[in-house]
Colleague: 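Below you'll find the structure I mean.
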Amino acid sequence: MTLKLVSQSDHVPAEDLLDGLNQRQAEAVTHTEGPLLIIAGAGSGKTRVLTVRIAYLLRLGVHPSHILSLTFTNKAAQEMKERVGELVGGSVSRSMWVGTFHSLFARILRQHADRIGYTSSFTIYDSDDQLAAIKAVMNQLGVSQQAVPPNGVKGRISNAKNEMMSWQEYSRRASTISEKQTAQIYELYEKRLKHSNAMDFDDLLLNTIILLDNHTDVLEGMHDRFKYLCVDEYQDTNRAQYRVVNILAKKFRNICVVGDDAQSIYRWRGADIRNILEFERDYPDARVVRLEQNYRSTKTILAAADSVIKNNEKQLRKTLWTENVEGEKITVLSCRDDREEAESIVRTIKNRIEKNLYRYSDTAVLYRTNAQSQALEDALRRANLPYLIVSGVSFYKRKEVKDTLAYLRLLVNPADAESLLRIVNEPARGIGQTSLNRMQEYAVNNSTTLFDVMADASVVPQIQQRVVTAARNFVELVERHREVLNDLPPATLAQQYIESTGLPTMYKQQDTEESLDKWNNIERILDHILEQQEIEENLTLASYLETVALVSEQDDPQLGSNRIALMTMHASKGLEFPLVVIAGLEQGLFPLAKAETDPGEQEEERRLFYVGITRAREELILSYAERRYRFGELSFSRPSTFLSELDQNTLAPSGRSVAVSAKIRRTVETYSQMPVKEDYSQLSVKQSVKTGQRVKHPMFGVGVVVDVSGYGSSAKATVEFSNGQKKQLMLSYARLEQV
DNA sequence: AGAGCGTCGCTTTTT
DNA sequence: GCGACGCTCT
């Protein structure tokens, strides 16, 4: 198979691959030996360079299996595989290692699990499982969850792991009482996971490091295998990832990293920007190539992006430029509330589409938080426009889905305490919390697993006979299917097993709309397994579960369809759309409130805005609402400071004063009943606004009041701003300051 | 053991 | 405004 394809790639000279690349891009492609840092600005053809570079390596005769390409998200890995496949043929690209850090390391760890005290059927814990384990450990220690929020502990443990700090070391360094407590939880958490034959996301990296550090033969195997390394989104790697990359690159030093410090948006989860900033120090002989020509966006969009990002101090200066046209100015929609914002956005998009400027799939609406998608969805549905939410988690977060997967995980790995606890009494089997606590305690004290205790719980003190029987029945149910784990095709096995758990039956019998929905979702998983089994011949239940654990959601088949895409700005990284809308540009939302006190956070938010802006090819629309529902309550906000940072020349004059639509149906009562949390300290200022007075608007800048009408909460002022713009402003929303 | 009710925290972002 | 969790009652 491979032979045929290598010969196929032989008949075209490698140089032909360089056609259409600019000089810098070609330089990056042809620098195959030794360290290479590619600083790739947004839209500079990074993916193209990476894929061509791989094709180039192959044409030089490098065997595909010697190339390792690490990406940050599944989406990126997928795209890389496809695009390389287009260049060199699908079966060649299939024998290459292209994947996320996590998925790749999970594979490596499965191969060598026994070397680090795991079995190859270890379970991967998602963050809910992590939290459940932390809570269990806290209970065990008698730490109150009120006093110590488990989520905070989770964050601290994860941070420690990202910095490769073991619980032993954490414990040594702990000085405050709270740190010592965290250390204790960390220790027991680690032991609990190990005992459950489970790893969390961070462990996948950490254990890989441990494996490679302590087992020279494995390391040598890796070295000989991965002669060419390529790491995408290097600015988003954390210290553990950095470490693995450097271990792997040590022998051949053919390491190519690509990144853009301006697009580093994962600091919060341990990404360390030093990794890219100090690459040249790590590899003094590194070649550095800067890709600064942008092929994606109009001059206007680039100018806007640049005007924003230059407010960041920590920044490698680089100059993006483009030969593209000037393009449309940026429209700003100012709206009264989130509902109106959604409707304005939908109307604007609809308008563009009706004029045949764009198709649905040319359009993306980006936002800061997933919660914002709700209003947008409603508006899109009302307008009957097709849309697609690129969210990630929804399906796999549903209870019945998690339960089904927990059953399957238990089947593969009966030591998995978190999965067991999740479903042992779902549907009810008469095994309650008290009994479970007793059995768990017994398991911990006797260094065995909960599952094994349940096989014969009669030894547990104070246990009731009917619980002993129920527990044994449960264990037998699982064991019965475990016996055929390797004999039956996974889909068949899963089907029979899940059926026998009584879970689907329970939902079916409840016979409500909701429960039938749940039953349906269970069927969807079983169908999905069957589907995967047909795609991949060697599918095992374990490999299926791994994919599901490491893939948030593969909605890709839908991404190609003609729909408007809705997603967070984080999810938009690496994508591009002719028309991009960024919603919710308000202080406290974007940037988030916590950025206001932390300059580092502020800069990260700004980079995120930069990422959002640079997704746009032709046209950008920004919006904000003066009030919106958050946490079920109405809250007020000022327009984002990011808006005022934008180069004013890039904004459309009409867009800056987009009128509030009369179409919005909203009654006075709704307003008067709305809880108002915001302080009204500025109200006196507003009410004293007089004609002729100079005022400052957070977004429109300084202006003169030319007219005042109405009073109380409906008072309006007409303000003429310094650029000649006249705008009517509701005094109760517009944050005018006296100047 | 399990159902029912009230409280609380939550929305940043993801492998 | 929702879902997870804990407390109380049966």
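Chain identifiers are assigned alphabetically (A, B, ...) following the order of the sequence lines, protein sequences preceding nucleic acid strands; residue numbering begins at 1 within each chain.
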Colleague: If you check every side-chain atom of A:T100, which of B:dT13, B:dT15, B:dA1 has the closest atom?
Modeller: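 Selected nucleotide: B:dT15.
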Colleague: Less than 4.0 angstrom from a charged side-chain N to a carboxylate O is my criterion; do A:K46 and A:D232 meet it?
Modeller: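 Yes, this pair counts.
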Colleague: Picking from B:dA1, B:dT15, B:dG2, which would you name as closest to the side chain of A:T434?
Modeller: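 When the side chain of A:T434 is considered, B:dA1 is the closest of B:dA1, B:dT15, B:dG2.
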Colleague: Start at the 5' end of DNA chain B and walk down; is the nucleotide closest to A:E601 or to A:S435 reached first?
Modeller: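 That would be A:S435.
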Colleague: Between the side chains of A:T369 and A:Q372, does any donor sit under 3.5 Å from an acceptor?
Modeller: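 Present: a donor and an acceptor within the cut-off.
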Colleague: Hey, does the Lys NZ or Arg CZ of A:R269 hover above the aromatic six-ring of A:Y266, less than 6.0 Å from the centre and inside 45° of the axis?
Modeller: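 Geometry flag: set, cation within 6.0 Å and 45°.
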Colleague: Is there a side-chain contact between A:N425 and the phosphate of B:dG2, meaning an N or O under 4.0 Å from OP1 or OP2?
Modeller: yes
Colleague: Output one letter per nucleotide in nucleotides 2-10 of chain C: B when a protein non-hydrogen atom lies under 4.0 Å from the base, S when only the sugar-phosphate is that close, - when neither is.
Modeller: ---SS----
Colleague: From B:dA1, B:dT14, B:dG2, pick the nucleotide closest to the side chain of A:A428?
Modeller: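 Of all the options, the side chain of A:A428 is nearest to B:dG2.
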Colleague: Nearest of B:dA1, B:dT13, B:dT15 to any side-chain atom of A:T73?
Modeller: B:dT15
Colleague: Verify the contact: side-chain N or O of A:T568 to OP1 or OP2 of B:dT14, cut-off strictly under 4.0 Å; return yes or no.
Modeller: yes
Colleague: Among all residues two or more places apart in sequence or in another chain, which pass the ring pair (Phe, Tyr, Trp, His ring centres under 6.0 Å) test with A:F590?
Modeller: A:F609, A:F642
Colleague: Is the ring centre of A:W268 under 5.5 Å from the base ring centre of B:dT13, and are the two planes under 30° apart, so that they stack?
Modeller: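 Stacking between A:W268 and B:dT13: present.
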